[in-house]
Number of protein chains: 2
Amino acid sequence: MQKEPQTVFIEYLNKNGLNITPQRRAIVETFLETEGHFTAEQLASYVRERTPEIGMSTVYRTLKLLVDSGVADCLDLGNKVDLYEHAYGHTHHDHLVCTKCGKKVEFTCECLERQQGVFAARHGYELTRHRVVLYGICSECQEKGIPTA
Amino acid sequence: MQKEPQTVFIEYLNKNGLNITPQRRAIVETFLETEGHFTAEQLASYVRERTPEIGMSTVYRTLKLLVDSGVADCLDLGNKVDLYEHAYGHTHHDHLVCTKCGKKVEFTCECLERQQGVFAARHGYELTRHRVVLYGICSECQEKGIPTA
DNA sequence: TTCTATGCAAAATGTTTGCAATCAC
DNA sequence: GTGATTGCAAACATTTTGCATAGAA
């Protein structure tokens, strides 16, 4: 049986002598209610729908705690914007991104998972993580048919 | 027999009604003399060693032309900084980055090259490109032995 | 001469930080 | 009370843009 993500976060706060504040509560709750991939800015606007008086720095700072506690993952899909997604209880996956509409699909590449260690070892690297992003055009955007420039 | 990269760039300029200026000349030459991965800022400082009066915007604008012409590649290795490398006459490769010292190794993952089309097709995507970055700690940094926090 | 390019300074972007006031425990 | 937290504004780093001047063809 697995812990609730909230619990994981609370325990992380306790363990590190950090306080549980209304802002942090609102941010985690909103974070967990929001599926998919979103920016800090988007999350902030969702949080403000219920708790209007939250500053961006608090959102950024709390997101950092969420990542450290293992509840959130921070993705860099190559847009210069950090995206966040649920991490706790989710298995590792990579992303396929539509370059027209931005739609994202998750997938797992078993072969890369297997192979990456081989490359790393070959060059004497101790692997910590990887990032695989495939870029393409999704079927809907292909139909809309703006030809690929 | 292959064209020289300079030639490719000059032809690109001509074809698009763009001028050949001393600045563009200095930037391409320096770009081609510089091996590896470097930022726009670094390239600018190399160019200025011989041609001191070059503005950053010109460097950025010219790098964009170099990428468009196929002479340069622009990489995003997850540092929020664009890195540039030689593209013309080089085959596609991915990168293995040391998270301590930043050292980069290039490799090719045949299996991903083969597999990526399968994933894309499965989700109805028409693939355009991919980005694979493996992060780890290189052998030298392992020896220096600052334990992985 | 005509259209493109340059360099500067200012804007834009997304994120981080300093700090005084405030809150959790 | 004491130390952690907040919100603001300012700082940041990187890249882009507007514009008047200068340059290529």
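Protein chains get the first letters and strands the later ones, always in sequence-line order, with residue 1 at the start of each. Heavy atoms only: backbone and side chains are in, while hydrogens, waters and symmetry mates are out.
For DNA chain D, no neighbouring residue in residues 78-86 of chain A is found when judged by any heavy atom under 4.0 Å. Less than 4.0 Å separates DNA chain D from no heavy atom of any residue of residues 26-37 of chain A. Residues from residues 39-57 of chain B with heavy atoms under 4.0 angstrom of DNA chain C, sorted by number: B:Glu53, B:Ile54, B:Gly55, B:Ser57.
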Under 3.5 Å between N/O atoms: give me all the protein pairs with nucleotides 2-5 of chain C, atom names plus distance.
residue: C:dA5; atom: OP1; partner: B:Asn19; partner atom: N; Å: 3.3
residue: C:dA5; atom: OP1; partner: B:Arg24; partner atom: NH1; Å: 2.5
residue: C:dA5; atom: OP1; partner: B:Arg24; partner atom: NH2; Å: 2.9

Listed pairs, N/O of protein and of nucleotides 10-13 of chain C, under 3.5 Å:
none

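Ion pairing of B:Lys103 with B:Glu140 is present here, as a side-chain N (NZ or NE/NH1/NH2) and a carboxylate O approach within less than 4.0 Å.
Cluster membership for B:Tyr135 and B:Phe107, using ILVMFWY side-chain heavy atoms within less than 4.5 angstrom, is not shared.
Separating the CG atom of A:Asn14 from the P atom of D:dG3 is a distance of 19 Å, rounded to the nearest angstrom.
A:His92 and A:Glu106 share no donor-acceptor pair across their side chains, judged by distance under 3.5 Å alone.
Applying the side chain to side chain contact (heavy atoms under 4.5 Å, CB included) criterion to B:His86, with sequence neighbours excluded, gives B:Phe31, B:Glu35, B:His90.
Under 4.0 angstrom from either OP1 or OP2 of D:dT16 there lies no side-chain N or O belonging to B:Tyr60. Residue B:Lys64 places no side-chain N or O under 4.0 Å from the OP1 or OP2 atom of D:dT15.
Using modelled atom types, no side-chain atom of A:Arg25 and backbone atom of A:Ile20 make a donor-acceptor pair closer than 3.5 Å. Proximity of a side-chain donor or acceptor of A:Gln142 to a complementary backbone N or O of A:Ile137 within less than 3.5 Å is detected. Formation of a donor-acceptor pair under 3.5 Å by the B:Thr51 side chain with backbone atoms of B:Arg48 is not found in this model. The backbone N or O of A:Thr39 lies less than 3.5 Å from a partner atom in the side chain of A:Gln42, making a donor-acceptor pair.
Aromatic ring orientation, B:Tyr12 versus B:Phe9: parallel (interplanar angle below 30°, classes split at 30° and 60°).
Aromatic rings from A:His95 and B:His130 are positioned such that their centres are separated by 6.0 Å or more.
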